[in-house]
Amino acid sequence: MSKTNGSYEKSIVVDGLTKKFVGFTAVDGISFDVRRGEIFGFLGPNGSGKSTTIRMLCGILEPSGGNASVLGIDVAAHPEEIKQRIGYMSQKFSLYDDLTVIENLDFYGGIYGLKNDHLAGRKDFVLEMAGLKGREHELAANLSTGWKQRLALGCAIIHEPEMVFLDEPTGGVDPVSRRNFWEMLYHMAETGTTLFVTTHYMDEAEHCHRLGFIYQGKMIALGTPDQLKQQHMRGEVIEIAIDTSQEALRAVVGAPGVDEAYFYGATIHAKVGSVKRDMPAVGKHLKSLGFKGFSVQSVQPSLEDVFVNLIQDTR
Amino acid sequence: MKMIRPIMRKEFIHILRDPRTLGITLFLPLFQLLMFGYALSLDINHIRTGVYDRDRTAASRRLVENFASSGYFDIVARPNKTDFTQRLDSGNIKVAVVIPQGFERGLKSDGKAKVQVIVDGSDPSFARVGVGYSSMIISRFSTKAMAESLYRNGIVIREGMPPIAAQARVWYNPELRSVNYIVPGLMALIMMTVTTINISVALVREKERGTLENLIISPIKSWELILGKIIPYVIIAFFEAALITGVGTFWFNVPMNGSLLLLFAGLVIYVAGTLGMGLVISAITESQQVASFGAFMSTFLPAFLLSGFVFPIKSMPVALQLVTYLVPARYFLVVIRGIFLKGVGFSVLWPDILALVVFATLMVAIASIRLRRTLA
Ligand SMILES: Nc1ncnc2c1ncn2[C@@H]1O[C@H](COP(=O)(O)OP(=O)(O)OP(=O)(O)O)[C@@H](O)[C@H]1O
Ligand SMILES: [Mg+2]
């Protein structure tokens, strides 16, 4: 694979990537690839190895085994060559609170070697994109979390990277700000930037072109949202609108034909072999236990259903 | 190299907008300078003194008069025998001068007059000064008395023919002004604490905020990052050194007898070491609080207590004296006092300068090893 700019086919190619810390393996031989211009969602519960994988892909953590190339460059062999061409937005937003919006942009532009007209043009673009025009001289500390997040994204892309890594970019941000943020991500993807995003939010995952699901350091599922729903969902899902108490959950689990049940928002989801066969039985069972005023309906399995399933299968 | 500028610019903004850094960097040194220069002056005078004159003659009164007019002693009491021990015990007086009966007679006949001076030794440095001043007054008095007795015996001392007398001269700091001693000492203390605390906090702050990760991911080289972070503090440190030298020489009239160039060279080596130390601390700590506390404990206390700044090293217990060899401020103090007060040069100061070079090399080496691990 050539290293010259623009001649790579896939933005990321990972093969058997492994990271061992003393006494345990944080990332355990994962393999996947990310196509150019795609939004790749990297999902997994806390501590599953998402940040560790990103660190290796950004060239700041040396892999213990396997291969990874980003933009056609081997991360272990030439980490320095990747740095100028990728952007990174960390879990903590990494802004300087005591610097103003414009000073933050100036700084990040400066350390990527941007100068004069080029820097000015990029700052203008980023301010426009993030909707921060007119707030240039506010201290970052005084921005609300949603705006901080936009500024952090702006800082991460000030040098026009071909590929951006975003590690839980929407943690702690309200739903409206999250939606706005994703609008920006779509826009970037449309203009050819490849995005690698980790998230806990399943609604965000639905918006990704492709997904990888990592659990305890292992990649346990990989594909488009639709593929994942088809391939990894054996059985069907019914939704029971009932008071979400442990008692109700126990009752649903005990109903005939129910493989698994779990809280899903303000409802309980149950996986059954067949909706047609099992749904009436579940309703009857709950009534017989004295539950009243609930409703049962069949629903399309969501990604969350898929992942609950996947984790239960792995256990 | 071009990446150093944005780092430096950012660092200056941090300094200007952070009241704590600004305080530590600008106001603490000035405050220390004024505090030590005035309030904590080690000069001792107006010592509360009691006189127990059992002779009550012209000669004894003249001696007491000599004590009183020296300016060092204030005669606040003329106690009787039992009373003066009590007053010494209670701290009411610090020095008691006891003139025994037959003082004048002894002086006139065989010249064997005795005076007893009792000094409160609970504060040793104070006692040393008290004893020194009183023996100076007494010896001056006896010289005069000797001249008079010679005169009475027919020998005239003409002008230009002084009586034989031991003349103690204090070199380098003739008036024994403690401020002359303190200002160079403060320079050693301030340069060390300010640089070490600031640089360690400056790096750990990036760790704490998570911004260090962004810097590591950026194309900036780790040496560019370190230089960009250090240079602002070095500039400030030299600004401070100039300030201390200026206030010291122009305001407190501390003599500056030696070479400014050598002083500057010494500072460069010293600051290289203290910055290295700050970097080591930032590499091994994770929070600003721990870093600044660690930096303070490992710089201020040793530089204050074990460098010879306030307490002379020679009067410390041997074990502690050995510890002082590990305190870089100790060497710098010798260098800087040598330059300021003695005006001596490299030929005299080289052993201490060498020790500073060793310290700096060691610190910078440890820092670069530790930081490579953190930043790579
Ligand atoms: N430097 C390290 N040394 C030892 N263990 C580490 C180190 N860094 C991470 N780990 C461990 O590796 C595991 C994976 O961590 P990682 O940060 O990659 O998880 P994550 O998927 O990003 O989780 P989160 O969603 O909480 O951010 C965790 O158990 C973590 O404690
Ligand atoms: Mg993480």
Side-chain angles (χ1 to χ4, degrees), chain A residues 51 54-62 70 75 78-100 102-116 119 139-141 148 152-153 155-159 161 163-168 171, chain B residues 1-25 198 201-233 283 286-288 292 371-376:
Chain A
S51 298
I54 288 195
R55 288 210 181 87
M56 287 191 283
L57 294 178
C58 291
I60 57 167
L61 194 65
E62 213 179 319
V70 170
V75 292
H78 309 282
E80 295 304 317
E81 286 178 36
I82 302 173
K83 287 182 167 179
Q84 186 71 40
R85 295 168 55 194
I86 59 169
Y88 169 70
M89 179 173 160
S90 79
Q91 221 164 335
K92 294 186 188 169
F93 297 172
S94 301
L95 296 166
Y96 294 97
D97 275 350
D98 52 341
L99 264 57
T100 63
I102 203 82
E103 285 165 345
N104 269 291
L105 291 173
D106 267 326
F107 174 70
Y108 280 108
I111 61 173
Y112 280 89
L114 269 54
K115 279 207 267 300
N116 311 333
L119 178 59
L139 284 182
K148 273 190 187 152
L153 178 66
C155 291
I157 63 163
I158 185 104
H159 59 293
M163 154 110 235
V164 183
F165 292 91
L166 303 109
D167 195 354
E168 273 175 59
Chain B
M1 203 65 194
K2 63 183 178 193
M3 310 288 200
I4 293 179
R5 285 223 352 247
I7 302 266
M8 279 176 57
R9 182 146 26 105
K10 172 179 82 73
E11 214 55 37
F12 272 120
I13 298 178
H14 288 324
I15 295 168
L16 291 176
R17 293 199 186 145
D18 176 20
R20 191 173 63 166
T21 312
L22 206 61
I24 289 178
T25 332
N198 277 340
V201 168
L203 257 174
V204 172
R205 190 171 43 204
E206 306 251 8
K207 265 199 214 177
E208 218 176 55
R209 289 174 174 174
T211 45
L212 190 63
E213 213 171 40
N214 287 56
L215 296 179
I216 297 170
I217 276 175
S218 81
I220 191 167
K221 307 263 186 308
S222 53
W223 64 266
E224 290 174 324
L225 171 62
I226 301 283
L227 270 187
K229 290 230 134 211
I230 280 182
I231 291 172
Y233 293 101
E286 295 299 327
S287 83
Q288 290 185 60
S292 63
L371 281 175
R372 200 163 304 151
R373 219 174 292 164
T374 321
L375 297 181

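What you see below is based on every heavy atom in this structure, not just the backbone, and it leaves out hydrogens, waters and symmetry mates. Just so it is clear: chains get the letters A, B, ... in the order the sequence lines come, proteins before strands, and each one is counted from 1. Source: prediction; values computed, not measured.
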Q | Largest heavy-atom contact set with chain B, pairs under 4.5 Å, which of A/S94, A/G87, A/G110 | A | A/S94

Q. Do the charged groups of A/D97 and B/R205 touch, with an N to O distance under 4.0 Å?
A. no

Q: Give the C-alpha distance, both sets of side-chain angles, the deciding distance and a yes or no for side chain to side chain contact (heavy atoms under 4.5 Å, CB included) between A/I157 and A/Y108.
A: CA-CA 9 Å; A/I157 63 163; A/Y108 280 108; over 6 Å; no

Q. Is it the backbone or the side chain of A/Y96 that comes under 4.5 Å from a heavy atom of chain B, or both, or neither?
A. both

Q.
Is A/E103 close to chain B through its backbone or its side chain, or both, or neither, when contacts mean heavy atoms under 4.5 Å?
A. side chain

Q) Pick from B/E208, B/R209, B/K207: which one makes a side-chain hydrogen bond (donor to acceptor under 3.5 Å, both in side chains) with B/Q288? A) B/E208

Q. Is the shortest distance from a Lys or Arg side-chain nitrogen in A/E80 or A/K83 to a carboxylate oxygen in the other one below 4.0 Å?
A. yes

Q | Heavy-atom contact with chain B under 4.5 Å, split by part of A/L95 | A | backbone

